[in-house]
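First the structure, in the form of C-alpha cells, and then the observations on it.
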Amino acid sequence: MEQATKWVIGNWKMHGTLAANYELIANIRALIPTLDDRVGMAVCPPFPYLVQVAGLLEGSGIALGAQNLSANVRGAYTGDVAGAMLRECSAQLVLIGHSECRAYQHEDDELIARKVRAALDVGLVPVICVGETRAERESQQTQTILARQLDAVFQLLDTAADSCIIAYEPRWAIGTGVSATPETIAEVHGFLRSCLIAKDAKFAASTPILYGGSLAAGNAREIAAIDNVDGGLIGSAALRAEEFATVYRAFLGV
Ligand code: PEP
C-alpha cells in the first residue's frame, strides 16, 4: 500500500449493519469524491463487514482496515482471524493494541508486538496504538508507559523495511468526549517522535503519528495544526459521514 504522509482513519468498533454501512460509505464518498494524495483515508469495520465494505469502497481510494488480528498464521485458535484472511478480504491496514483490546482482551505488550510482526509479514500496515491510563498520567508515568509500549514493538521490527503507523490514544480521552489538550498532544507527539528518531531517523521521518481520543469536527482544526500530529484515529465521529469528512478536510488544511 502506498503510504500517505497523513492519515484519517475511522474505527467503527462494534457498530454497523449492512444497511448502515452502505449509507455511511455512500455519504462519505459523496462528501469527499476525491481523496488528496497527502492525506489517506481508511475505515475499519467489524470483521463480518470487511468484504461488503471493500466492495463499497471500490474506486474511491479509501483504504480498508481491520480492527485486530491473530498473532498466529493459522490453526486451532477459535474466534481469531489471521492476517492472510484480512488480506484476502482486501484489508490494507489493521489496528493493533487498541486500548479496548488491551483492557478487555488483556492484550499485553509482547502479544501486541507479535501481532504487529504478523501483520507486516502478510503485507498489512499496522496502526500501532499506544496510550496511558488516567492513573498512569496522574502519577507522571506517561513517557515510561509509552516508551515501554513502543520498545516491545521495536524488538520485532525491521525499521529499514517495515512500514507502520503509530496512534497516540490516551485511554482517558477515548469515548469520553474530552480530548487531550493541545499542549498535552504536542508534548506527547514530540516525545513519540523522539523515540522513533532514537530507533531510526529515516523510519521516524516516514512514520505518521496519529492522535485519537474524542477527535471530532469541533476540535479537528486545532489538533491538525499541532506539530508531529500526522492525522487522526477517529471512533464515534467516524460513524457520522459529515463529521468524518470535516475531520478529513481539517487534516488537509481546507
Ligand atoms: C478510538 O476508539 O480509537 C477512538 C479514538 O474513539 P473516540 O474517537 O470515540 O474517542
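Just so you know, these numbers come straight off a predicted model, no measurement behind them. Atoms within each ligand, like the ligands themselves, are counted from 1 in listed order.
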* Structure fact -> heavy-atom search around atom 1 (C) of ligand 1 in the protein gives His98 NE2, 3.2 Å

* Sub-4.0 Å heavy-atom contact, Ala173 with ligand 1 -> yes

* **Nitrogen or oxygen of Gly175 less than 3.5 angstrom from that of ligand 1** => yes

Taking distance alone, no hydrogens or angles, what donor-acceptor pairs closer than 3.5 Å link side-chain atoms of residues 151-158 to residues at least two apart or in another chain?
residue	atom	partner	partner atom	Å
Gln155	NE2	Asp151	O	3.3
Asp158	OD1	Ala160	N	3.1

* Asked: Looking at Asn11, which atoms of ligand 1 are within less than 4.0 Å of one of its heavy atoms?
  -> 1 (C), 2 (O), 3 (O)

* **Closest approach of Arg102 to Gly97 (non-hydrogen atoms, all atoms of both residues)** => NE-O, 2.9 Å

* Asked: Looking at atom 9 (O) of ligand 1, what's its closest protein heavy atom, distance included?
  -> Ser236 N, 3.0 Å

* Asked: Which heavy atom in Ala66 sits nearest to a heavy atom in Ala91, and how many Å separate them?
  -> N-CB, 4.5 Å

* Are any of the N or O atoms of Lys13 closer than 3.5 Å to those of ligand 1? -> yes

* Structure fact -> Of all heavy-atom pairs linking Ala241 and Leu24, the shortest is N-CD1, 3.6 Å

* To do: Between Ala167 and ligand 1, find which residue part has any heavy-atom pair under 4.0 Å and reply side chain, backbone, both or neither.
  => neither

* Identify the closest protein heavy atom to atom 4 (C) of ligand 1: which residue and atom is it, and at what distance? -> Gly235 N, 3.6 Å

* Structure fact -> Heavy-atom nearest pair, Val73 first then Ala82, reads O-CB, 3.2 Å

* With only distance considered, is Glu169 within less than 3.5 Å of ligand 1 through an N or O on each side? -> yes

* Summary of ring pair (Phe, Tyr, Trp, His ring centres under 6.0 Å) pairs that have at least one residue in residues 234-253, sequence neighbours excluded -> none

* Indicate yes or no: does Asp162 engage Arg117 in a salt bridge with an N to O separation below 4.0 Å. => yes

* Can Glu136 and Arg171 be counted as an ion pair, charged N to O under 4.0 angstrom? -> no

* **Contacting atoms of ligand 1, where contact means under 4.0 angstrom from a heavy atom of Gly213** => 5 (C), 10 (O)

* Does the N or O separation between Ile174 and ligand 1 drop below 3.5 Å for any pair? -> no

